[in-house]
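Note that the structure is predicted; figures quoted are calculated from it, not measured. Below, all heavy atoms of this structure are taken into account, side chains as well, without hydrogens, waters or symmetry copies.
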Amino acid sequence: MIKYERPISHAARWARGIARFSCGLFLVAVLAHRFGPLTTPHLVAILIFAAGLAALAVLLAVIGLVRLWQVAAVGGIASFAALVYAAVPLGVAGLGGYAYLTKPAIYDVSTDTVTPPDWIERPAADQGWLPRASTVTPQDREAQIEAYPGLTGRRYDGALDRVFRGVKTVAANTGIVVVATEGEENAEADLEDLAVKPETGAPADSEPDNVPVPMSRPSSIMADRPAGLRASDILLQGEWRSPIAGFRFDVLIRLREEAETTFVDMRVASRYGPHELGLAAGFADQFLHALDAELLGIAGD
């Protein structure tokens, strides 16, 4: 009798091991970035390395499948498992690469591309091996307008204090952690709303005592306000992190009262890297739609 022994595909076994390692490295890096001390530049470097290992595993898995087809070599299950493990890091790398190539190379988006609101506390972070320009150029704003034409501010037919309460509610619901505010006192009720009502039985023409007199704001305080900010504006600056990977974004919201309406502008910038991959623009659009729903009934053009 002749006993046939199937050959063993070592490429398939190596493919499974390498793919399993790359998938595990990818998951640990994402968790360390989301809940631990790993910074974004280090995360990107690890993800690229994990994707490279996954690509190598796919190549070895294909060799294993070819050997299975040609000489019935043992390793078909190992090759299939390698492809499953490698799909996770390669899939994320593919989505990131697609966004990098199709989205404009900008890291800062604003609903006001002419006079965007200035930061209360300018974000600072060590960019590591992901350097970027320190300022946003007019060409960057033009690229934003071309890529995200629908990203515009909102005008609401409501008082400043009413809109400001809605902004704070939506900010809390979307996970924005407020780090600084400017001009919040402008949301307080106007002096006309605080007029002392005459007591019952008092003459109608009697004048209330101790009527507060509005005072001009000290010039030293006005000098500390960000450039382009009106005295009646409100700025709210915070930090937002993407739900899964935990990428950090700096958020700035400006409220400006104009006649009987309140205009809301928003600025979102990636904390690290020269590219926001469409995440900043997507979050700004999501926030403004949530604000429309919160202030339903007073939204204007």
Side-chain angles (χ1 to χ4, degrees), residues 107-125 134-136 140-141 144 151-194 212-241 248-271 276 280-281 283-288 290-292 294-295 298-300:
Y107 64 88
D108 187 307
V109 298
S110 175
T111 56
D112 187 347
T113 57
V114 179
T115 56
D118 199 7
W119 303 102
I120 302 174
E121 299 176 0
R122 184 164 295 277
S134 58
T135 58
V136 180
D140 294 335
R141 296 303 182 196
Q144 174 201 321
L151 188 61
T152 58
R154 296 291 196 273
R155 186 181 301 277
Y156 299 99
D157 297 323
L160 185 65
D161 57 339
R162 168 71 177 90
V163 178
F164 184 56
R165 288 197 301 269
V167 167
K168 291 196 296 184
T169 299
V170 176
N173 294 338
T174 54
I176 297 178
V177 179
V178 179
V179 297
T181 58
E182 182 73 28
E184 190 173 359
E185 64 276 5
N186 295 325
E188 298 177 359
D190 296 334
L191 294 178
E192 291 81 3
D193 298 332
L194 298 177
V213 178
M215 304 294 292
S216 61
R217 196 167 296 180
S219 58
S220 60
I221 296 178
M222 295 300 297
D224 295 335
R225 297 173 71 86
L229 182 67
R230 299 179 183 174
S232 59
D233 290 351
I234 298 179
L235 290 183
L236 186 148
Q237 182 173 335
E239 176 187 306
W240 176 75
R241 302 191 68 180
R248 297 179 184 271
F249 292 85
D250 295 291
V251 181
L252 188 70
I253 304 169
R254 180 178 65 192
L255 294 87
R256 174 167 292 175
E257 194 170 29
E258 299 176 348
E260 301 297 328
T261 64
T262 300
F263 200 83
V264 179
D265 277 309
M266 190 172 186
R267 181 178 182 180
V268 185
S270 173
R271 179 74 59 85
E276 49 92 30
F283 174 72
D285 188 68
Q286 172 190 348
F287 181 92
L288 292 174
L291 185 61
D292 291 341
E294 178 67 23
L295 301 177
I298 68 172

**Student:** Does any non-hydrogen side-chain atom of Leu235 lie less than 4.5 Å from one of Ile253?
**Tutor:**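 No, too far: nothing below the 4.5 Å cut-off.
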**Student:** Should Glu276 and Asp108 count as side-chain neighbours, where that means a heavy-atom distance under 4.5 Å?
**Tutor:**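 No, every pair of side-chain atoms sits at 4.5 Å or beyond.
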**Student:** Show, in sequence, the C-alpha distance, side-chain angles and deciding distance for Met266 and Leu291, and conclude whether the side-chain contact (heavy atoms from CB on, under 4.5 Å) test is met.
**Tutor:** CA-CA 12 Å; Met266 190 172 186; Leu291 185 61; over 6 Å; no
**Student:** Run the ring-ring contact (aromatic ring centres under 6.0 Å, His included) test against Phe283 and tell me which residues pass, sequence neighbours left out.
**Tutor:** Trp240
**Student:** Residues in side chain to side chain contact (heavy atoms under 4.5 Å, CB included) with Ala125, at least two apart?
**Tutor:** Gln127, Arg271, Tyr272
**Student:** Just to verify, what does Asp140 make a side-chain hydrogen bond (donor to acceptor under 3.5 Å, both in side chains) with, not counting sequence neighbours?
**Tutor:**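 Residues passing side-chain hydrogen bond (donor to acceptor under 3.5 Å, both in side chains) with Asp140: Thr137.
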**Student:** Can you find a heavy atom in the side chain of Pro116 that is under 4.5 Å from one in the side chain of Arg254?
**Tutor:** no
**Student:** With a 4.5 Å heavy-atom cut-off, do Val109 and Leu151 have their side chains touching?
**Tutor:**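 Yes - at least one pair of side-chain heavy atoms lies under 4.5 Å apart.
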**Student:** Which heavy atom of Ala290 sits nearest a heavy atom of Val170, and at what distance?
**Tutor:**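 That closest heavy-atom pairing would be CB-CG1, 3.7 Å.
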**Student:** Is the backbone of Ser110 close enough, under 3.5 Å, to the side chain of Gln144 for a donor and an acceptor to pair up by distance?
**Tutor:** yes
**Student:** Applying salt bridge (Lys or Arg N to Asp or Glu O under 4.0 Å), can you list everything that pairs with Arg241, at least two apart in sequence or on another chain?
**Tutor:**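 For Arg241 there are no salt bridge (Lys or Arg N to Asp or Glu O under 4.0 Å) partners, ignoring immediate neighbours.
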**Student:** Begin with the C-alpha distance, continue with both residues' side-chain angles, and end with the deciding distance and a verdict on side-chain contact (heavy atoms from CB on, under 4.5 Å) for Val268 and Asp250.
**Tutor:** CA-CA 6 Å; Val268 185; Asp250 295 291; over 6 Å; no
**Student:** Under the rule for side-chain hydrogen bond (donor to acceptor under 3.5 Å, both in side chains), what residues qualify as partners of Thr111, not counting sequence neighbours?
**Tutor:** Asp265
**Student:** With side-chain contact (heavy atoms from CB on, under 4.5 Å) as the criterion, how do Ile234 and Leu160 come out once you've worked through the C-alpha distance, each side chain's angles and the decisive distance to 0.1 Å?
**Tutor:** CA-CA 9 Å; Ile234 298 179; Leu160 185 65; 3.7 Å; yes
**Student:** What's the separation between atom CD in Glu239 and atom CD1 in Ile176, rounded to the nearest 0.5 Å?
**Tutor:** 10.5 Å
**Student:** Measuring only between side-chain heavy atoms, which start at C-beta, is Asp292 closer than 4.5 Å to Glu294?
**Tutor:** no
**Student:** Return the set of residues passing side chain to side chain contact (heavy atoms under 4.5 Å, CB included) with Glu184 (not counting sequence neighbours), or none when no residue passes.
**Tutor:**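 So Glu184 forms a side chain to side chain contact (heavy atoms under 4.5 Å, CB included) with Phe164, Lys168, Thr181.
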**Student:** Could you tell me the separation between the CD atom of Glu257 and the CG atom of Asp161, rounded to the nearest 0.5 Å?
**Tutor:**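 Nearest 0.5 Å value for the CD-CG distance: 8.0 Å.
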**Student:** With a 4.5 Å heavy-atom cut-off, do Phe287 and Val167 have their side chains touching?
**Tutor:**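 Touching, per the 4.5 Å side-chain cut-off.
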**Student:** Can you confirm whether Thr261 sits close enough to Tyr156 that some side-chain heavy atom of one is under 4.5 Å from a side-chain heavy atom of the other?
**Tutor:** no
**Student:** Could you list the residues that satisfy side chain to side chain contact (heavy atoms under 4.5 Å, CB included) with Thr152, not counting sequence neighbours?
**Tutor:** Arg154
**Student:** Quick one: which of Thr262, Asp112, Asn186, Asp233 gives a side chain to side chain donor-acceptor pair (under 3.5 Å) with Arg256?
**Tutor:**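 The single option meeting the side chain to side chain donor-acceptor pair (under 3.5 Å) with Arg256 is Asp233.
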**Student:** With a 3.5 Å distance limit and no angle check, can you tell me whether Arg267 reaches the backbone of Pro117 through a side-chain donor-acceptor pair?
**Tutor:** yes
**Student:** List in chain and number order the residues that pass side-chain hydrogen bond (donor to acceptor under 3.5 Å, both in side chains) with Thr169, two or more places apart in sequence or in another chain; answer none if no residue qualifies.
**Tutor:** none
**Student:** Using the side-chain hydrogen bond (donor to acceptor under 3.5 Å, both in side chains) criterion, which residues pair with Gln237? Sequence neighbours excluded.
**Tutor:**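 Applying side-chain hydrogen bond (donor to acceptor under 3.5 Å, both in side chains) to Gln237 gives none.
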